[in-house]
Amino acid sequence: MRNITSTIVVGAGTFIALLLAAFAQDSAFQIHMSIIALSLGIATIILLRRVGFTPAEPVDPTGYMDDPIRVGSILTMFWGIIGFTQGVVIASQLAWPEFMWEPWFSFGRMRPLHTSAVIFAFGGTALITTSMYVVQRTCRARLFGGGLAWFVMWGYQFFILMAATGYLLGITQSREYAEPEWYVDIWLTIVWVAYLVMFMGTLFKRKEPHIYVANWFYLAFIVTIAMLHIVNNLAWPVSFLGSKSYSLFAGVQDALTQWWYGHNAVGFFLTAGFLGMMYYFMPKQAQRPIYSYRLSIIHFWSLIFLYIWAGPHHLLYTALPDWAQTLGMAFSIMLWMPSWGGMINGLMTLSGAWDKMRTDPIIRMMVIAVAFYGMSTFEGPVMAIKAVNGLSHYTDWTIGHVHSGALGWVGMITFGALYYMVPRLWNRQGLYSMRMVNWHFWLATLGIVVYASVMWVSGITQGLMWREYDSQGFLVYSFAESVAAMKPYYILRMIGGLLYLIGGCIMAYNIWMTILGKTRNERPIPGSMPAKIQPAE
């Protein structure tokens with residue numbers, strides 16, 4: 001029999017969600033449980049239609065389990081478009097406040113929806129998908145746990161649904177990058193433990209004696225995020241039938257715990273995991289070995305040790321003890337070493353193959369991703385220096401820094417990985433269109449440059465306006481005047497984000513046509529075909 005167990009489990013989840021909605025202690029929790037019950041009910045009906053009473057086809061234990069990876073590739077692209085669209089919408093809301101539709105689509109609710117869609121929906125799905133692809137091929141072993149991979153993939157998507165609908169309903173802990181309430185956090189913990197078991201199990205059953213460096217970074221990301229998530233979300237619910245909970249920490253301890261989590265969510269979710277992507281897909285696309293295996297060892301261990309201490313730099317000039325602020329600043333500056341070691345290792349992998357930069361837009365995309373990684377990991381430590389932080393903190397400079405990393409590093413390396421994986425997962429000869437990849441590269445790069453540059457200028461302008469005093473010691477500008485001065489920059493930021501979104505839409509079309517097995521009749525990119533030999537004069 002096929003799909004019986006999963007149908008029973010999802011059906012039971014539907015019933016439990018209905019009970020929780022019926023006995024809910026607050027209206028937000030009731031609506032949220034109703035949405036979850038409806039979603040699980042639809043999933044139950046779909047599974048019932050797929051129930052089979054004939055024996056399932058035997059699984060080849062020597063073959064790779066690629067079906068969850070195929071689903072994850074499509075979902076990664078889907079969530080990318082959703083997240084980029086939300087970014088353009090909230091950028092428009094800042095430029096033109098009349099675009100805010102209260103209460104559900106106000107900036108206050110749409111902003112965490114956008115950040116979570118890009119970080120956790122797009123980035124998280126990309127990490128789970130690529131880690132499943134990489135660990136099988138570097139270990140020469142099928143994913144451990146049978147259907148565990150499906151549970152991880154769909155369980156994580158269910159977490160995204162719960163989190164996103166909760167934001168729009170105003171169900172939030174108000175913790176940066178950790179907004180979901182207690183019951184959503186518990187579900188994510190269950191899914192994440194299953195993910196760790198699946199990944200570790202695959203490593204244990206590997207046929208390849210050596211554990212490739214990409215798997216080190218993926219494993220560090222999985223283990224550390226589990227620790228961060230559990231500690232930062234320690235809370236006690238007001239009612240087990242209500243949405244509200246209160247953190248077990250308070251005051252400055254709560255703030256320090258939050259930014260210990262917040263900065264390391266960046267460090268291990270958006271850095272370590274995607275470095276695993278770089279260490280596998282960049283050498284594969286370039287058809288070159290990684291430049292230095294010894295450098296990758298130094299890169300890994302120094303990054304893992306140093307990053308975990310850098311969180312207090314988010315709390316400079318606050319009630320946090322001065323020694324803790326200085327500790328965070330010092331470790332942030334030391335992070336230059338491992339970060340740039342990784343950047344050098346990635347770029348120097350193209351030694352002897354730099355001509356591919358001219359002929360292969362996928363390699364070009366990966367190289368620009370590594371370049372943005374290097375730039376962001378230089379800018380971050382600079383902004384952690386107290387004197388610089390006094391100007392930059394709470395301004396748009398921070399927004400520009402975050403997006404140069406998110407769009408430039410995370411986005412571009414993910415795009416490159418998808419362009420590499422999709423034709424191989426569906427056994428296609430190549431992508432539908434390489435010229436579309438080229439268009440995507442230039443639109444995305446231009447969008448990032450416009451976005452980041454504008455935010456750097458607006459952020460420094462904000463910082464200088466806020467600290468401008470007259471001869472009598474009074475502020476020269478009111479806060480409202482600094483907001484008014486930002487409008488042209490916010491319009492340009494929206495344009496930069498729109499360019500990035502258009503590039504993402506081109507990629508989605510290209511990927512979909514590749515999956516369908518189509519090939520576009522187009523002239524090859526100049527230099528990608530060997531030139532005809534000219535007779536000597």
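Here Gln462 contributes atom CD and Met486 contributes atom CE; the two are 4.5 Å apart, rounded to the nearest 0.5 Å. Atom CG in Leu407 sits 11.0 Å away from atom OG1 in Thr445 (nearest 0.5 Å). Atoms OG1 and CD1, from Thr76 and Ile69 in turn, are 11.0 Å apart once rounded to the nearest 0.5 Å. Interatomic distance, CD1 of Ile82 versus CD1 of Ile160, reported as 11.5 Å (0.5 Å rounding). Between the OG atom in Ser92 and the CE atom in Met110 there is a gap of 10.0 Å [rounded to 0.5 Å]. Leu418 CG to Thr129 OG1: the interatomic distance, rounded to the nearest 0.5 Å, is 8.0 Å.
Atom CH2 of Trp309 is surrounded by 12 or fewer heavy atoms from other residues, nucleotides or ligands within 6.0 Å. Trp301 CH2: 12 or fewer foreign heavy atoms inside a 6.0 Å radius.
For the pair Trp150 (side chain) and Asp67 (backbone), a donor-acceptor distance under 3.5 Å is absent. Without hydrogens or angle criteria, Thr395 side chain to Ser392 main chain gives a donor-acceptor distance under 3.5 Å. Proximity of a side-chain donor or acceptor of Arg493 to a complementary backbone N or O of Val88 within less than 3.5 Å is not detected. Trp409 places a side-chain N or O within donor-acceptor distance of the main-chain N or O of Leu270, the cut-off being under 3.5 Å. Put simply, the side chain of Ser458 gets close to the backbone of Met455: a donor and an acceptor are under 3.5 Å apart. Under a 3.5 Å cut-off, the side chain of Asn264 and the backbone N or O of Trp260 do form a donor-acceptor pair. The main-chain N or O of Asn233 is never found under 3.5 Å from a side-chain atom of Asp185 such that the two would form a donor-acceptor pair. Under a 3.5 Å cut-off, the side chain of His393 and the backbone N or O of His314 do form a donor-acceptor pair. The closest donor-acceptor contact from the side chain of Gln325 to the backbone of Tyr317 lies under 3.5 Å. Judged by distance alone, the side chain of Gln86 and the main-chain N or O of Ala117 form no donor-acceptor pair under 3.5 Å.
Under the side chain to side chain contact (heavy atoms under 4.5 Å, CB included) rule, Leu113 has a single partner from Val118, Leu168, Ile90, Val89, which is Leu168. Residue Phe240 forms a side chain to side chain contact (heavy atoms under 4.5 Å, CB included) with just one option from Trp182, Phe23, Tyr183, and that option is Trp182.
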Show me the donor-acceptor pairs, under 3.5 Å and distance only, between side chains in residues 98-107 and residues at least two apart or in other chains.
from   : atom 1 : to     : atom 2 : distance (Å)
Ser106 : OG     : Pro103 : O      : 3.2

N/O donor-acceptor pairs under 3.5 Å from side chains in residues 328-336, not counting sequence neighbours:
from   : atom 1 : to     : atom 2 : distance (Å)
Ser332 : OG     : His313 : ND1    : 2.6
Ser332 : OG     : Gly328 : O      : 2.6
Trp336 : NE1    : Phe378 : O      : 3.2

Which atom pairs, donor and acceptor, lie under 3.5 Å between side-chain atoms of residues 271-282 and protein residues at least two apart or in another chain?
from   : atom 1 : to     : atom 2 : distance (Å)
Thr271 : OG1    : Val266 : O      : 3.0
Tyr279 : OH     : His299 : ND1    : 2.8
Tyr279 : OH     : Asn345 : ND2    : 3.2

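In this structure, the side chains of Leu196 and Leu219 come closer than 4.5 Å at one or more pairs of heavy atoms. Looking at Ser482 and Trp466, their side chains come closer than 4.5 Å, going by heavy atoms from C-beta outward. At a threshold of 4.5 Å between non-hydrogen side-chain atoms, the residues Tyr195 and Ile128 count as touching. A heavy-atom distance below 4.5 Å is found between the side chains of Phe158 and Ile36. Within the 4.5 Å cutoff, side-chain heavy atoms of Trp154 are placed close to those of Leu75. With contacts defined as side-chain heavy-atom distances shorter than 4.5 Å, the pair Trp96/Met494 qualifies. Counting only heavy atoms from C-beta outward, the side chains of Tyr133 and Tyr420 approach each other to under 4.5 Å. Using a 4.5 Å cut-off on side-chain heavy atoms (C-beta onward), Glu179 and Ser174 make no contact.
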Residues Ser376, Ser404; criterion side-chain hydrogen bond (donor to acceptor under 3.5 Å, both in side chains); working and verdict: CA-CA 7 Å; Ser376 297; Ser404 69; 3.2 Å; yes
Candidate pair Tyr218 and Thr130, rule side-chain hydrogen bond (donor to acceptor under 3.5 Å, both in side chains), full reasoning: CA-CA 10 Å; Tyr218 279 125; Thr130 56; 2.9 Å; yes
Tyr419/Ile511 under side chain to side chain contact (heavy atoms under 4.5 Å, CB included): CA gap, chis, key distance, verdict: CA-CA 8 Å; Tyr419 280 133; Ile511 291 292; 4.1 Å; yes
Side chain to side chain contact (heavy atoms under 4.5 Å, CB included) between Gln173 and Ser247, worked out: CA-CA 9 Å; Gln173 294 186 102; Ser247 172; 5.9 Å; no
Verdict with reasoning, Met132 to Met198, per side chain to side chain contact (heavy atoms under 4.5 Å, CB included): CA-CA 9 Å; Met132 289 180 180; Met198 180 202 72; 3.8 Å; yes
Verdict with supporting geometry, Tyr167 and Ser116, side chain to side chain contact (heavy atoms under 4.5 Å, CB included): CA-CA 10 Å; Tyr167 296 158; Ser116 291; 2.8 Å; yes
Derivation and outcome, side-chain hydrogen bond (donor to acceptor under 3.5 Å, both in side chains), residues Thr172 and Glu181: CA-CA 6 Å; Thr172 173; Glu181 270 289 1; over 6 Å; no
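Judged as a side-chain hydrogen bond (donor to acceptor under 3.5 Å, both in side chains), and not counting sequence neighbours, the contacts of Glu379 are Trp397, His401, Trp456. Under the salt bridge (Lys or Arg N to Asp or Glu O under 4.0 Å) criterion, Arg175 pairs with Asp254, sequence neighbours left out.
Remark: aromatic rings of Tyr177 and Phe120 are distant, center separation not under 6.0 Å. Ring to ring, Trp79 and Phe122 are not that close: their centroids are 6.0 angstrom or more apart. Between Phe144 and Phe204, the distance separating the two ring centers is not shorter than 6.0 angstrom.
Ring-plane geometry between Phe415 and Tyr500 is classed as tilted, the angle between the planes lying from 30 to 60 degrees on a 0 to 90 degree scale. Between Trp192 and Tyr156, the ring planes lie tilted relative to each other; the angle falls in the 30° to 60° range. Classified by interplanar angle (parallel below 30°, tilted 30° to 60°, perpendicular above 60°), the ring pair His114/His403 is parallel.
Within the structure, every pair that satisfies the side-chain hydrogen bond (donor to acceptor under 3.5 Å, both in side chains) test and touches residues 12-30, not counting sequence neighbours, is listed here: Thr14-Thr44, Asp26-Ser243.
A donor atom on one side chain and an acceptor atom on the other are not found under 3.5 Å apart for Thr202 and Gln136.
Between Gly374 and Met343, the shortest heavy-atom contact is CA-SD, 3.3 Å.
Cation-pi geometry between Lys244 and Tyr246 is met: under 6.0 angstrom from the ring centre, within 45 degrees of the axis.
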